[in-house]
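Here's the structure, in structure tokens; my notes come after.
Atom set for the values below is all heavy atoms of this structure, side chains included, hydrogens, waters and symmetry mates excluded. Numbers restart at 1 for each chain; the letters A, B, ... are given by sequence-line order, proteins then strands.
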There are 2 protein chains.
Amino acid sequence: MIFKNRKIILRISQYKSTIIYYKQIGFTKIYSDFLGEKTGVTASQVRKDFSLFGIKGNKRGGYFIDDLLTALNKILGKEDTQKVIIAGAGNIGSALAGYKKFHSESIKIVACFDIDPVKTSKKGVVPVFPYSEMADFIRDNAIEVGIVAVPEVFAQDVVNNMVKAGIRGILNFAPVNIKEPSEDCYINNVNLEIELENIIYFVKKKE
Amino acid sequence: MIFKNRKIILRISQYKSTIIYYKQIGFTKIYSDFLGEKTGVTASQVRKDFSLFGIKGNKRGGYFIDDLLTALNKILGKEDTQKVIIAGAGNIGSALAGYKKFHSESIKIVACFDIDPVKTSKKGVVPVFPYSEMADFIRDNAIEVGIVAVPEVFAQDVVNNMVKAGIRGILNFAPVNIKEPSEDCYINNVNLEIELENIIYFVKKKE
DNA sequence: TAGATTGTTAATCGATTAACAATC
DNA sequence: TAGATTGTTAATCGATTAACAATC
């Protein structure tokens, strides 16, 4: 089964977060209405989502947390480690590289790349290499996921280079809406200004 | 007219970006099918969105860019300046404070707050004050929008304090799904791990 | 067993797209 | 005028919710 829908996968991530929390505090099973309430969706939505992915619970008995976690992790590809690179070691790029609070070991930021020689360094937790080495690094290490944190004007070029070298999924923090350069590449744009404009609209609307 | 729908407002921001670009390169009017193509939506969508906000074009003549820009800016509240504060002057918080690439003057990040005295400083472009002063600052300056960039465990508390002091819209970068503490507050969560999980799902799906 | 919860189908809701009359 | 584009209504599409039989 193939989903085009981004939202269902976001919910899968959120269900996972919720059940990790309740596992930690000692739960061994969980019901769709409780999980829904804690995640902020309806019980129907929970059961529907699980059903679409073939996740089965126990009639009358809810879902076993360990089984559920295994199933959700499998959907999200968390059984393997994903190596991720970052283009741009400026403010945002370095902040993301320093992000160590992933809840699992399955996502690893392995390298940054920057054109500025002053920023290159092999000493940090995440080394910063010259941008010219990015394409080879992607190929040599079979990297599939990249983060773009370069200034606006370079963003489309960087994306094109990433895709040419084999990257298949990109998270873009540059303030431009990037076009997917090929069918094979999935891009998600995170745009601070647009997010703030959105919030401001809803704040003003209520006045 | 009140829209609950976040997506239409995101598109309004994107239309704005697109027409700013075409204004810069000399366009004075624009057609729905061109604007749609450049923004990545259908022409129907463009006209429908405009129609919902009462934006009128010229039959046969498209939309005048200046009028359109004025109308979109008005929707997004860009006629006034919005002062924004940041809680947390760690990696992410400082990176966001250093973000100077807003396309307009209408969003101003005016202060950061942090519990760590080492991080407080009045010298940067954006001053960093002690966290204990945040609530008073919000009240004294009638701040309505806040960004949360504190560690996970503090996030819900910080949000509660912001809202109590008068903040009405929050952009949360902490890796927890924050509950809206009241009806009057709009919250949007940006979660790096969830974004990456999403991308990884779509990358793996195609394999 | 009786009661509660799942899994799935049907109904509803909302958003997007298509179509086309109006008209510049 | 003829042709092209808007503005809006209707049709379609997709996602969410409700309902309920199955069953533990």
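- A close approach under 4.0 Å does not occur between any side-chain nitrogen or oxygen of B/Tyr31 and OP1 or OP2 of C/dC24.
- Remark: P of C/dC24 and OH of B/Tyr63 are 14 Å apart, rounded to the nearest angstrom.
- Mapping A/Arg60 and A/Ile55 onto DNA chain C by nearest heavy atom places A/Arg60 closer to the 5' end of the strand.
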Candidate pair A/Tyr31 and A/Tyr63, rule ring-ring contact (aromatic ring centres under 6.0 Å, His included), full reasoning | CA-CA 6 Å; A/Tyr31 301 99; A/Tyr63 301 83; 8.6 Å; no
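- In this entry the distance linking CD1 of B/Ile30 with C1' of D/dT5 reads 14 Å, nearest Å.
- Scored by the ring pair (Phe, Tyr, Trp, His ring centres under 6.0 Å) test, B/Tyr186 finds A/Phe202 as partners (sequence neighbours excluded).
- Within 6.0 Å of CZ on B/Phe27 lie more than 12 heavy atoms contributed by other residues, nucleotides or ligands.
- Between B/Glu197 and A/Lys16 a salt bridge is recorded (basic side-chain N to carboxylate O distance below 4.0 Å).
- To the nearest angstrom, P of D/dG7 lies 8 Å from CG of B/Asn58.
- For NZ of A/Lys23, the number of neighbouring non-hydrogen atoms (other residues, nucleotides, ligands) closer than 6.0 Å is 12 at most.
- Rounded to whole Å, atom C1' of D/dT6 lies 13 Å from atom CZ of B/Phe64.
- Counting non-hydrogen atoms under 4.0 angstrom, B/Phe50 reaches nothing in the nucleic acid.
- In this structure, C/dC20 and D/dG7 make a Watson-Crick or G-U wobble pair, each of the two defining distances being under 3.5 angstrom.
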Just by protein heavy atoms under 4.0 Å, how would nucleotides 8-17 of chain D read 5' to 3' in B, S and -?
-> BB-----SSB
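- Taking both residues in full, the closest heavy atoms of B/Val176 and B/Asn191 are given as N-ND2, 4.2 Å, listed atom of the first, atom of the second, then distance.
- One N or O donor and one acceptor, one from the side chain of B/Lys59 and one from the base of D/dT6, sit under 3.5 Å apart.
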